[in-house]
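Below is one structure, written out as structure tokens; comments come after it.
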Amino acid sequence: MSSQRIKWKIEYEKSVICQNFDRKGYVRTEGDDWNIFWATVGTVKQIFNPDSSQRLMDNQVINHFPNHYELTRKDNLVKNIKRYIKEQQKEGKQVDDFLPVTYLLPSDYSLFVEEFRRYPNAMWIMKPSNAAQGKGIFIINKLQQIKKWSTGRFARDQQTYVVSRYIENPLLIGGKKFDLRIYVLITSFRPLRMYLGDGFARFCNVKYSSDVGEIDNPFMHLTNVSIQKHNEDYNYNHGGKWNVQNLRLYLESTRGLAATQKLFNDIDDLLVHSAKAVQNVMINDRHCFECYGYDLLLDDNLKPWLVEVNASPSLNATTQMDKEMKTTLIRDVLDIVVPEEFGSDYRGPNTQGPCRDQGDFVVLYDEAASNEKALREAELKAGQKEKKKAVRSWK
Amino acid sequence: MDQSAPHHPPHPSNPLNHHHTVTPSSALLSSLHLDPFLHLSLLHLKKNLIASSPTTPHTVESLKSAMLELGLTPKIRNLAYSLSCSERDRKSTPEILQVEQARDDWRQSIYDELLSVCSERGVSIVGPDTQQNKKIRYIFDSEDLFDAIKRIPCSSNLNASLCHNYGLIKLRLSTPDHSVLRTKFSELHPCNRHYGVDEIMTGSSKFIQHRQEVGVKVLQESYVPISRQYARYGIPASLRPEIYRVCLNLPRTFGAKEGEYYKSLREKARAIKYNVVDELFEMDSQTIISNSMSFFPFVENITNVVLAFSRDSWVAQNSTYAAHESIKYEMSDGTNVSIPSSGVQPFKGFVNYIAPLSLVYEDEERIYFTFRGMYSRLWCKLNVISSDSGALIHLCKTFEDLLLAWDPALFMHLLSVNVDPLSIAFSWIHLAFTNVLETEQLLLLWDRLVGYDDLLLLPVLSAAIFTFRSETLMCTSSAQEVKDILDNNSGRRIKVIPLLQAALFRECFK
């Protein structure tokens, strides 16, 4: 099928996406005859609503999984990961926890209080389950600050919160706190097909201090660009964003090669575990793909922690470098999700053979290929137990 | 040993295979005698020996083992090596009159500009600053230095055969030609494996591991020439902090003494402010580092380092060249101060020399001492007006001569569209490519500068970039087009080592 006839649809004008479609020579459409639709999560929900009569054709792909919120809502993420780690433990596989200790409010309130009293000097971070861009987040160190959850009146309120142990020893660079935004493309959950994309560090403008007096200073603690943008030191040239290559170079120089390699391996493991945790609850519709924005925090011991997963990572470009990076990102995503042969007999990504690196994306985890390989190896070396990890690398 | 490397005995990237002997001249020995560190060490040694065996006579063997135990052996070895090197480097020919004149003029103009800015601000160079008007401007930049050098006329009584009229450097200096460079930089030959080329090829893990192992052994030796030899093949990021330390002969551990010293410099910077001078250093840091995509997280560290540097009289006493002059000022209490104590005046882009080190060292102190070491050995040569071989003017002329020899058609074409190649390459050389290359590539280049203890690769790389872009440049019809092609931003994609290899050893690529 010639690329001229591939039709695309988009809900909100995003130049990074439109430019990529145009460059590929795809044709834009406003109707339902699209082959690829860059939609909002709301629209995807409607399309996949059991009451909806819409059925997607074979040659249609869309950019969200219907129940992505299993991964992208903070409360669901916590539930799924806790469950997954327990399951793994029962099978004798140790998975180091990568989510800070988290409780859901109001349901876990009493459990939280117990934990809180055990570590009276700890700080906790409160986040609305379903908000984005740092909205509604605050840090507490006294139970009094969340009094309203104890009275029970709150139960009627729709908004639930998650409260997590705040990581007070984040890795600091130049004295400032930062987090990592990493893009991960998933084209199938059963079996898992995951691709690791580019990433960058987002810095706070203000030097970090775990001083209790500063817990109300969002510029010191919250790395979201949407918040840092309002600081008078915000720089429009780089937007507080740092290339992962610089981070890697800095860490190799200051922490050594082994520690840095371990960190990036741990990050890969974290990403794969998080996907495995929701593997069995996700509606694995073969029309769906999703490019997630993972937010990670590194602590002073070079341990990565998962903060959250975003289903609709911002595609607004805040700087020139940002624009280039996001343009390349979408280009690679499209190269992966739109197959060569995109006709009416396209049966989904699992029919396309093993995952392949594409552009800046490297294959993070190809479950089918990995299992096959393990099987072959077990057959070849009967008795030998080395279960090889799937090929993954962070460039 | 890497089995897959081409046969090249002895294995060139293993610096332990090289022999580094120092034949002591009488001048060297007398320098050693006078060195205070050595004096102290020998006293210490003596005390130790007497304490351990007060009655038995001491043999050479017992002396050697005592020295080893006290950790003196590597220090003395490095000291002897450094002294012998500086003996070699010492200037043997007198300065050309025109150049001396230009240097004096340059220093005078810096002085005048500084005072002019002070009066614009309405402040004296030291003293309370009660002015509301914070208006400030740079006193000079790369362009100004370039102009000062361009103006130096040619001396008429030198050998006419060394002259060509096409370059901007009129001085008739003898520069190394292609064959000399190939010999000098023979380690860069593509038959050798290098960081900057081989660590990203397939099958690189063996190479990476091998380099790591050799690097660790090199560090155990802790001997300057061996570390330098190692650096010439590129240093893995994890070993770079220590290899640079040895190459620059900095102390093994940064203990209390160094910490105190650095702290005292920072205190000096806090206690007495130099109006304008301090502000210029701060402004340089704020504008360049805060806006830098690679270094913005380190703006405070870099500002601290540059201010501390300005208070360090060690720099004035130990740099190979005194690039600028301090302003002598008599304080109200009669004491005389040199502003700045380092003898290095602020100019636009100075912090570029410091910035890359923020990705190598976490401690500000280490950034400081490494930067100071690099400035006193290398960067001062890029800022002095001198006709010495290896200093800025000579490097510029080398660039022009190389480009003319490698690609005369390109050189002529550029002249025909009113572009002097040096006008573009000057800032690359002056700022050691900090304004062009992306960080990892820059550090790989600096590895070689430190390894060869020489800046010649700066003009070589500059000429290589021109010849690399030759085809596109030949199609230009205006100066602006040339500038667009050679824009500093395009440097982000440059891979330094392959480019240098292609330029120096081009017959390998035919």
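Because only heavy atoms are used, hydrogens play no part in the values below, and waters and symmetry mates are left out as well, while side chains stay in. Bear in mind the structure is a predicted one, so any value in this text is a computation, not a measurement. Lettering follows sequence order; numbering is per chain, from 1.
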What part of [X] is in contact with chain A, defined as an atom under 4.5 angstrom from a non-hydrogen atom: side chain, backbone, both or neither?
{"X": "B/Asn301", "answer": "side chain"}
{"X": "B/Arg366", "answer": "neither"}
{"X": "B/Phe296", "answer": "both"}
{"X": "B/Glu362", "answer": "both"}
{"X": "B/Ile200", "answer": "neither"}

Requested in this report: Go through B/Glu364, B/Glu440, B/Glu300, B/Glu438 and name the one with the most non-hydrogen pairs under 4.5 angstrom from chain A.
Outcome: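 Highest number of pairs under 4.5 Å: B/Glu300.
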Query raised in the report: Where on A/Asn246 is there a heavy atom nearer than 4.5 Å to chain B: the side chain, the backbone, both, or neither?
Result: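 It is both, since atoms from each part get that close.
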**Report entry** Closest-packed option against chain B by number of heavy-atom pairs under 4.5 Å, given A/Thr260, A/Thr254, A/Thr319
**Finding:**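 Sorted descending by pairs with chain B, the first entry is A/Thr254.
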**Report entry** Result of checking B/Gln212, B/Arg211, B/Glu213 against B/Gln209 for side-chain hydrogen bond (donor to acceptor under 3.5 Å, both in side chains)
**Finding:**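 Of B/Gln212, B/Arg211, B/Glu213, side-chain hydrogen bond (donor to acceptor under 3.5 Å, both in side chains) with B/Gln209 is met by B/Glu213 alone.
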Report task. To the nearest 0.5 Å, tell me how far B/Asn488 CG sits from B/Lys483 NZ. Result ->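 Between atom CG of B/Asn488 and atom NZ of B/Lys483 there are 12.5 Å.
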Query raised in the report: Looking only at side chains, do A/Asn310 and A/Asp295 share a donor and an acceptor under 3.5 Å apart?
Result: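 The answer is yes; a qualifying pair exists.
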Taking [X] first and then [Y], would you say they form a salt bridge - that is, a charged N and a carboxylate O separated by under 4.0 Å?
{"X": "A/Asp360", "Y": "A/Arg331", "value": "no"}
{"X": "B/Glu221", "Y": "B/Lys217", "value": "no"}
{"X": "A/Asp300", "Y": "A/Arg255", "value": "yes"}

